[in-house]
Amino acid sequence: MSGRIRTLLVLIVPSLYLAATLLYSAWQAVWGVQVDPESAYTMNGLVAAAGYGSLKFDHPGTTTTLLVELIVRGWALVARAEDIVAFGLKHYDAITYAARTGEAVVLTGALLAGGLIVGRTTQSAIAAMLFQAGAFVHPDAFHFQTVLAPEGLMAAFALFGMAIVVKAALDAHPPETSLGVMSGVIFALGFSTKYLYLPQAVFGVCLLRNRRAFVAAMVTGAIGFVGFSLIFNPGTITRGFGWLVQIATHKGQYGEGEAGFIDFGTFWSNMRGIVASAPLVLGVYVAAAGTVLAWCAKSRSWRDPVSLTLGAAVLVFAAHLVATSKHFALHYMLAPWVQTGGVLVLVLVLLRRLVPAVPSAALSLLAGSLCIVTGAVTLIDARAAALQSSALNAVGARLSKAVVAAGPACANVSGMFVRAPENDMNHGWDMTLQLWGDQAMRERFSRAYASVFTVPLLDHNTYTHVLKNDFRPTSYAKLAVDYPCIVVRSAVALDAENAIGLLALDPDHCEIAGVHVYTVNLACAKVQGSFLGER
């Protein structure tokens, strides 16, 4: 097969991915179901663009924040914005969409570049496409690659890093020192994106044929991570690792609960759920472990770079499996999931060495068929999720209009997860400025919001038990004085603990499309009637 035809084939999967992810993003309103965690990174990027540096260190998401910061700074420069904070708040949703697109372009580039590397190394377009199939291995992975969250860029670094690993393991010549430096840089960026990237360091064994390359990767990775973090997000170094220790030493999520590493009451059921959600992935890693053991038994050596690399892949998968089973969220498996295609390529290479009589075309056909079926299932599930999210978001937008129509003079208060188009900024505020900003910063953002929007932003936070007006703390007693009526939307029923004083006003209550609506000096039935009339 000529190089030109191979290059054209390698273009297919990245093109499909870019088209699918942009379409998926268009169906996922940034103020809707996915406001957590997207808003946190949009706001943090705006905070950084305003000159304060990153305020988030808990994932740490440094590259994600930097992406948003670059978008805000560049756009504000072109638009000649006088106040970058006001400009960012005015274009808040558009910035999130732009950042999603930026992530999609980066991951598409990683798929293309990684596919070219694997294709040239193996002299096989099929191997390159098998490597690229990792982008479609699971619906959760596809979702978090698309939305504005650290996982999006982490997937790109994991994929490109895996392409370098395949090259180092399969090249006839020992890896050059420059390849070790590149591996270290990718690791530093990946670890700066998500702490869960740390197990990827084990892949350094693929460089052991050239100790200089191995040392270069270790040194570059360590210095790169520390240097990059100190420049763009010092909290990663000064506070982030303390947060990780807190998580590791407590059984609950986010460092909560009783002391201890694992709650075995949920650990094994979580693991079963992870395994059941991605059986093909488990099969590939089990096959990797099996082929490594078979090769070592046959050759009586563990120094072969392919078997060493596959053994490292199994360890990486196991580390993520344990971490995710402890702190359950399927997308924490994203890194080893998207690398499944690269691992599959190495498994097929080692299988051919173990059983030369098996036709390579048969192995490629079987592996390719499984990848195509898995990718198709992922896209079908992603489409269903997008349509469901779109329907829920449409209901949220319709309820927002109904509230304004029923009580145009009322104080319009909403909380998280009610899919209110006007309220996505508050989650970002709570996750950045509320936690780590000083009073001067908070006042600047509050004044900037008031300068851009005529309608106050009223937020009822059931987590922090704070009622906010344009990001400033306020009270329902004050709202009752300032407004003739009050309408509050909440995702959960309010009680004495989370009502923040609203129940003292004896509100009317009804439930509309799964959202709890509370009204003061206005019949809740009027909002309900307005909602029904919005159809």
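What's counted below: heavy atoms across the whole structure, side chains too, no hydrogens, waters or symmetry copies. Sequence positions, counted from 1, serve as the residue numbers for this chain.
In plain terms, the two heavy atoms of His138 and Asp140 that are nearest each other are ND1-N, 3.0 Å. Closest approach of Leu198 to Phe187, counting heavy atoms only: O-CE1, 3.7 Å. When all heavy atoms are compared, the tightest approach of Ala386 to Gln28 is CA-NE2, 3.8 Å. What you find for Val72 and Ile95 is that their closest heavy atoms are CG2-CD1, 3.7 Å. Scanning all heavy atoms of the two residues, the minimum distance from Phe57 to Tyr195 falls at O-OH, 3.1 Å. Scanning both residues, Ala99 and Leu148, for their nearest heavy atoms gives CB-CD1, 3.6 Å.
Residues Phe157 and Phe191 place their aromatic rings such that the two centres sit no closer than 6.0 Å. His320 has its ring centre no less than 6.0 Å from the ring centre of Tyr332.
There is a side-chain donor-acceptor pair under 3.5 Å between His143 and Gln34. Remark: the Asn233 side chain and the Thr62 side chain contain an N/O donor-acceptor pair separated by less than 3.5 Å. For the residue pair Ser25 / Thr146, no side-chain donor-acceptor distance below 3.5 Å is found, with atom types taken as modelled. Side chain to side chain, Thr193 and Thr63 meet the donor-acceptor criterion of an N or O pair below 3.5 Å. For His427 and Asp36, the side-chain atoms include at least one donor-acceptor pair closer than 3.5 Å.
A cation-pi contact links Lys56 to Tyr41, judged by a cut-off of 6.0 Å to the six-membered ring centre and 45° from its axis.
Remark: Trp243 CH2 is packed, more than 12 non-hydrogen atoms of other residues, nucleotides or ligands lying under 6.0 Å away. Within 6.0 Å of CZ on Arg383 lie no more than 12 heavy atoms contributed by other residues, nucleotides or ligands.
Ring geometry for Phe241 versus Phe225: interplanar angle over 60°, hence perpendicular rather than tilted (30 to 60°).
For the atom pair Met431 CE and Leu55 CG, the distance stands at 12.5 Å (nearest 0.5 Å). The CZ atom of Arg352 sits 14.5 Å away from atom OG1 of Thr291, with the distance rounded to the nearest 0.5 Å.
Residue pairs satisfying the ring-ring contact (aromatic ring centres under 6.0 Å, His included) criterion with at least one member in residues 92-118, sequence neighbours excluded, are absent. Residue pairs meeting the side chain to side chain donor-acceptor pair (under 3.5 Å) criterion with at least one member in residues 203-217, sequence neighbours excluded, do not occur.
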Exercise. Can Gln132 and Tyr17 be said to form a side-chain contact (heavy atoms from CB on, under 4.5 Å), step by step?
Worked result: CA-CA 10 Å; Gln132 293 170 331; Tyr17 174 78; over 6 Å; no

Exercise. What's the verdict on side-chain hydrogen bond (donor to acceptor under 3.5 Å, both in side chains) for Thr65 and Asn44, showing C-alpha distance, side-chain angles and the deciding distance?
Worked result: CA-CA 6 Å; Thr65 295; Asn44 198 42; 2.8 Å; yes

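For the pair Leu321 and Met271, the minimum side-chain heavy-atom distance is below 4.5 Å. For the pair Val33/Asn393, a side-chain contact is recorded, criterion being any heavy-atom separation below 4.5 Å from C-beta on.
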Considering only distance and modelled atom types, tabulate donor-acceptor pairs under 3.5 Å from the side chains of residues 160-183, sequence neighbours left out.
from   : atom 1 : to     : atom 2 : distance (Å)
Lys167 : NZ     : Asp171 : OD2    : 3.0
Ser183 : OG     : Leu179 : O      : 3.0

